[in-house]
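Input: a single structure, listed below in structure tokens.
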Amino acid sequence: MSKIDFTGRVAIVTGAGSGLGRTYALELAKRGAKVVVNDLGGARDGTGSSDAAANQVAEEIKAAGGEAIPNYDSVATVAGGENIVKSAVEAFGKVDIVVNNAGILRDKSFLKMDENMWDAVVAVHLKGAYCVSRPAMEIMRKQNYGRIVMTSSTSGLIGNFGQANYGAAKMGLAGLTNVLKKEGAKYNIKVNVIVPNALTRMTEDILPPGMQDVFKTENVTPAVVYLCSEQCEDSGRYIVATGTPNGILYCRSQVMTGPGKKFDKVPAAEDIMQNWGEITNLNGARFCEEATELFMG
Ligand code: NAI
């Protein structure tokens, strides 16, 4: 089994000042990566800012013998994203790895969700991935190498009450990945999605109580480390990583298309109703690499 080693690699981990991002940054650095520890240092809802969180994790890495610099920019603006990438290049000369991990929550049921709640959450999760990944991909394209990890959530892939803004942004990241997988392919840029589950300040009042030992951030890190590695040749995969009461689960989740039903002529709406079971049946569902497979396959 080849060892995963990041010696000579430069990684940006956004939102690395706490929770999951911190454990990713520590492990990447432990395995030799030079790490930009980005964190705005605000509250769970995205308000406020502080240098403390990013500083602390960067210092932790250095104390353990690794290389890291802190960065305090917000991922949610183009200027912020460009500056995060610029600080990696200025300190370490390039960018090989981006883990888009920064996140906030502003939960409310949809009818009570005002525009600010919507915009703030979409800005950090979805636009944030654009703001950081775009300038990073420019560098990755020139060097013909890159690994990008997006962070999605079951709130988007499956749905969760009260998280319309968050769920939409998180599913948007899956769509972004589907496209970047194709655009990055010929430059050896692999883009994958982690779907984590861990007890952090983001989930402390959401996850079922008494599960602290089950939902550890450390459970998620090995999957992210693999997705960041040269050895990972896959692209466009959504990988769930979660503790369970009887083991730590890693599995693939994906949009699949069922075999459906073909009609010789345009059916009436009643024919759709009549054949609903066959149209919606997922037995024999498959994953399409190309949209053309839907009608040519
Ligand atoms: P966390 O709240 O501990 O960490 C998020 C970090 O992002 C914080 O340190 C925060 O300061 C930083 N951040 C927020 N806005 C930022 C911005 N504009 N620019 C830069 N940094 C910013 O939460 P956690 O759980 O570690 O979340 C990490 C990622 O994992 C998030 O994207 C979250 O949505 C996702 N996630 C977490 C799950 C879990 O079970 N913990 C489940 C599904 C997804």
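Order of listing sets the numbers, starting from 1, for every ligand and every atom in it.
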Ligand 1 contact on Arg44 by region, counting heavy-atom pairs under 4.0 Å: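 Neither; no heavy atom under 4.0 Å.
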Tell me whether [X] reaches ligand 1 (any heavy atom closer than 4.0 angstrom to a ligand atom).
X	answer
Ala198	yes
Thr14	no
Ala53	no
Arg201	yes
Arg22	no

What residue and atom, counting heavy atoms only, is the protein's closest point to [atom], and at what distance?
atom	answer
atom 6 (C) of ligand 1	Gly15 O, 3.6 Å
atom 42 (C) of ligand 1	Pro196 O, 3.1 Å
atom 9 (O) of ligand 1	Asp39 OD2, 2.6 Å
atom 14 (C) of ligand 1	Gly103 O, 3.3 Å
atom 33 (C) of ligand 1	Met202 SD, 3.3 Å
atom 18 (N) of ligand 1	Ser74 OG, 3.0 Å
atom 19 (N) of ligand 1	Val75 N, 3.1 Å
atom 34 (O) of ligand 1	Tyr166 OH, 2.6 Å

Single-linkage hydrophobic cluster, 4.5 Å side-chain cutoff, [X] and [Y] together:
X	Y	result
Met202	Tyr24	no
Leu28	Ile189	no
Val75	Tyr130	no
Val195	Val220	no
Val214	Ile194	no

Within the 4.0 Å heavy-atom shell around [X], which atoms of ligand 1 are there?
X	answer
Ile104	14 (C), 15 (N)
Gly41	11 (O)
His125	32 (O), 34 (O)
Gly19	3 (O), 26 (O)
Asn101	28 (C), 29 (C), 30 (O), 31 (C), 32 (O)
Thr203	39 (C), 40 (O), 41 (N)
Asn38	20 (C), 21 (N)

Thr221 versus Glu27, side-chain donor and acceptor atoms under 3.5 Å: no
Pair Asn55, Tyr72: side-chain N/O donor-acceptor within cut-off below 3.5 Å: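 Short answer, yes.
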Salt bridge or not between [X] and [Y]? Use side-chain N to carboxylate O under 4.0 Å.
X	Y	value
Glu289	Lys181	yes
Glu204	Arg201	no
Arg252	Asp234	no
Glu138	Arg134	yes

Option with minimal heavy-atom separation from atom 25 (O) of ligand 1, where the choices are Val220, Leu157, Thr200, Val99: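 Selected option, by shortest heavy-atom distance: Thr200.
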Candidate with minimal heavy-atom separation from atom 21 (N) of ligand 1, of Asn197, Leu105, Leu40, Asp73: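 When every heavy atom of Asn197, Leu105, Leu40, Asp73 is considered, Leu40 comes closest to atom 21 (N) of ligand 1.
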Mark yes or no for whether [X], through its side chain, and [Y], through its backbone, hold a donor-acceptor pair below 3.5 Å.
X	Y	value
Gln254	Gly236	yes
Asn71	Ser87	no
Thr203	Ile206	no
Glu290	Thr292	no

For ligand 1, which is the ligand I care about here, please tell me if [X] has any N or O atom under 3.5 Å from one of the ligand's N or O atoms.
X	result
Thr151	no
Ser152	no
Leu20	yes

